[in-house]
2 protein chains.
Amino acid sequence: MHGDETAPRTASARLLAVLAAFDPEHRRLGLTALAERADLPLSTAHRLVAELVAWGALRRRADGDYEVGRRMWDLGLLAPVQSDLRQVASPFLQDLYAATLATVHLAVRDRHQVLYVDRLSGRTSVPVVSQVGSRLPLHATGVGKVLLAHAPDAVRGEVLHALTRVTPYTVTQPGRLQRELDRVHREGFAQTSEEMSLGACSVAVPVVAGTDVVAALGVVVPSLKRDRPRLVAALQVAAQGIGRTLTLGLPPDGRRG
Amino acid sequence: MHGDETAPRTASARLLAVLAAFDPEHRRLGLTALAERADLPLSTAHRLVAELVAWGALRRRADGDYEVGRRMWDLGLLAPVQSDLRQVASPFLQDLYAATLATVHLAVRDRHQVLYVDRLSGRTSVPVVSQVGSRLPLHATGVGKVLLAHAPDAVRGEVLHALTRVTPYTVTQPGRLQRELDRVHREGFAQTSEEMSLGACSVAVPVVAGTDVVAALGVVVPSLKRDRPRLVAALQVAAQGIGRTLTLGLPPDGRRG
DNA sequence: CGTCGTCTTCCACCTGACGGAAGCCACGGG
DNA sequence: CCCGTGGCTTCCGTCAGGTGGAAGACGACG
């Protein structure tokens, strides 16, 4: 805590620091930038990077920069980030897209954020910020509100006390949001109107497997004017299909007594 | 090759060996199995795994097994495995799916195999083996044939001399396949009939950006009987859309003189 | 209560990682 | 043309920290 924080880092930690230097804002890095971000001497970074490249975790571009390699992609796909969920849901998302032609989202809660697990969008859909793998605040998106409504009290409490404003329409008053969440429970769906990005509205419903809300399913449209009932209906059909498939297909797993 | 292969492995190599122990057939591993697969003493594996877990690369399940963690997923998504391509293509794939209701594939060539980069399939589609991230032989799939037809001569030569049989209908005679590939060039599309899996036929077209074939786009259907012309037409529309978008949108990149 | 299989912890040895420094290369300005 | 600059690569002596055998804990089974 005093002055220089010498780095008693282990070899593995250094290697991981190199990997950690890559993030959505830094998909390509030169050796120097990489070393800087990983807080390593150039020569060390150089050697580590060489090993990672040899292994396939990183790739060297023609221009000399490094980027995450294909092997990481392979490994990433193994991560059970709801891989059952994704696999089961995929066909239902397709159908939902075909029925609505809206941007379709499948998301789960990751701590205090929404994590987008899958997304479909056609050429005619509203442009949206979300990307697969991206995280957004729980209180400003449709799927987020659904997940928040069904989150443990502790999480909900913490989130309610830190409502950031994203657009002029973002709900930032805890009381008002709480009432909205109650409504989500009563009516079975959540909606937003330009609370995350202007010109985009959304509706979302929970995906229930057994008795747990395991995900949220939502669509984004330019306006909710007249379509809401139809969208909600389509969403609920899809969500039920996913939930049912999950419940039937996957007993030997998350179960804990 | 003689007796014991002592492992002069570096620390990083050991860490990577642990990661490499995970593959699609081994998504969950106990410590012992993991150590075995990574060829490491238990205690070493134990320590490395602990570091990886701390970092988020692995996750410990309730039952004690390890699996790839969410952080790897995040990292994997950064891999530019055709991320431009995937992003650009996604809406076109949606439309193609909506138009055909068939399983839709987007694939690139990875050395001597097809690598599936994206896939859509509805509930009504034929079941297929491919998964996003999986690799299949070039000569037994529609997208594979397209990519093979446009591969460098060296690659094509090597592949033609090692045609494995997958089903009774797989083309395994180099001459015959070569003629098929010529036809792909002439007619602009490739097809298969139960050459990869019984009950599944496919049509595929190249995705051309500038003058290069950067990917292949294909659909899988139960039978080609009457639909082929329609499917080919739909595929070509989508492929052209993708190609055009890629060509327009991404000059400051792959360009090499 | 012993046995077996699996996981966890410990620690003395010694390997192989570390990183400063020097070399290399391409570029650009004087 | 020559030198300065910035970014990358290579080298090698030192010694931090990784290694792995062994012993201990845990839990399941009979």
Side-chain angles (χ1 to χ4, degrees), chain A residues 3-22 25-69 252-253 255-257, chain B residues 3-22 25-69 252-253 255-257:
Chain A
D4 73 333
E5 184 77 31
T6 42
R9 279 192 288 182
T10 76
S12 345
R14 283 176 237 255
L15 195 73
L16 295 175
V18 170
L19 290 179
F22 292 90
E25 274 80 53
H26 302 83
R27 306 177 133 230
R28 300 169 181 176
L29 294 168
L31 182 59
T32 311
L34 187 50
E36 173 111 9
R37 282 177 58 78
D39 191 23
L40 291 170
L42 260 184
S43 54
T44 302
H46 183 258
R47 181 171 33 80
L48 294 176
V49 156
E51 294 188 64
L52 288 167
V53 168
W55 191 77
L58 297 182
R59 213 178 76 83
R60 180 138 216 204
R61 294 162 44 82
D63 64 12
D65 284 3
Y66 295 93
E67 59 190 5
V68 177
D253 195 316
R255 265 328 109 78
R256 283 298 315 115
Chain B
D4 73 334
E5 185 76 30
T6 43
R9 278 190 289 183
T10 75
S12 343
R14 282 176 237 256
L15 194 75
L16 295 175
V18 171
L19 290 179
F22 293 89
E25 274 79 53
H26 301 85
R27 306 177 135 230
R28 299 168 182 176
L29 294 169
L31 183 59
T32 311
L34 187 49
E36 173 111 9
R37 281 176 60 76
D39 190 24
L40 291 171
L42 260 182
S43 54
T44 303
H46 184 258
R47 182 170 33 79
L48 293 177
V49 155
E51 293 188 63
L52 287 167
V53 168
W55 190 76
L58 297 182
R59 213 179 75 82
R60 179 134 213 204
R61 296 162 43 82
D63 63 13
D65 284 4
Y66 296 93
E67 60 190 2
V68 176
D253 196 314
R255 262 331 107 77
R256 282 301 314 116

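Letters A, B, ... mirror the listed sequences (proteins, then strands); counts begin at 1. We use all heavy atoms of the structure for the numbers below, so side chains are in, but hydrogens, waters and symmetry mates are not.
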What's the [atom1]-[atom2] distance between [X] and [N], to the nearest Å?
| X | N | atom1 | atom2 | answer |
| --- | --- | --- | --- | --- |
| A/E36 | D/dG7 | CD | C1' | 13 Å |
| B/L29 | C/dC7 | CG | P | 11 Å |
| B/R61 | C/dC7 | CZ | C1' | 17 Å |
| B/L15 | D/dG18 | CG | P | 11 Å |
| A/D63 | C/dC27 | CG | C1' | 16 Å |

Is A/E67 salt-bridged to A/R59, going by a charged N under 4.0 Å from an acidic O?
yes
Taking C/dA17, C/dT8, D/dC8 as options, the one with an atom nearest any side-chain atom of B/T10 is C/dA17
By nearest atom, which of the nucleotides C/dC18, D/dC8, C/dT8 is closest to the A/A11 side chain?
C/dC18
Mind checking whether B/L19 and B/L58 have side chains closer than 4.5 Å, heavy atoms only?
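SC-SC contact between B/L19 and B/L58 confirmed.
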Does a side-chain heavy-atom distance below 4.5 Å link A/L40 with A/R14?
yes
Heavy-atom nearest nucleotide on DNA chain D taken for A/S12 and for A/A33; more 5' hit belongs to A/A33
With sequence neighbours left out, the residues meeting side chain to side chain contact (heavy atoms under 4.5 Å, CB included) with A/A17 are A/R9, A/A38
For B/R37, what residues pass the side chain to side chain contact (heavy atoms under 4.5 Å, CB included) criterion, not counting sequence neighbours?
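With neighbours one apart ignored, the set is B/A21, B/D23, B/H26, B/L29.
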Below the 4.0 Å mark, does D/dG18 have OP1 or OP2 next to a side-chain nitrogen or oxygen of A/R14?
no
Terminal axes of the helix from C/dC1-D/dG30 to C/dG30-D/dC1 (five pairs each): angle between them, nearest 10 degrees
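The end-segment axes of the helix from C/dC1-D/dG30 to C/dG30-D/dC1 are tilted 30° relative to each other.
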Let me have the donor-acceptor pairs involving side chains of residues 43-57 of chain A, under 3.5 Å, with sequence neighbours excluded, atom names and distances please.
{"from": "A/E51", "atom 1": "OE1", "to": "B/T10", "atom 2": "OG1", "distance (Å)": "2.7"}
{"from": "A/E51", "atom 1": "OE1", "to": "B/S12", "atom 2": "OG", "distance (Å)": "3.2"}
{"from": "A/E51", "atom 1": "OE2", "to": "B/S12", "atom 2": "OG", "distance (Å)": "3.1"}

Under a 4.0 Å heavy-atom cut-off, which of residues 40-57 of chain B touch DNA chain D?
B/P41, B/S43, B/T44, B/R47
In terms of heavy-atom contacts, B/L34 and B/V18 come closest through CD1-O, 3.8 Å
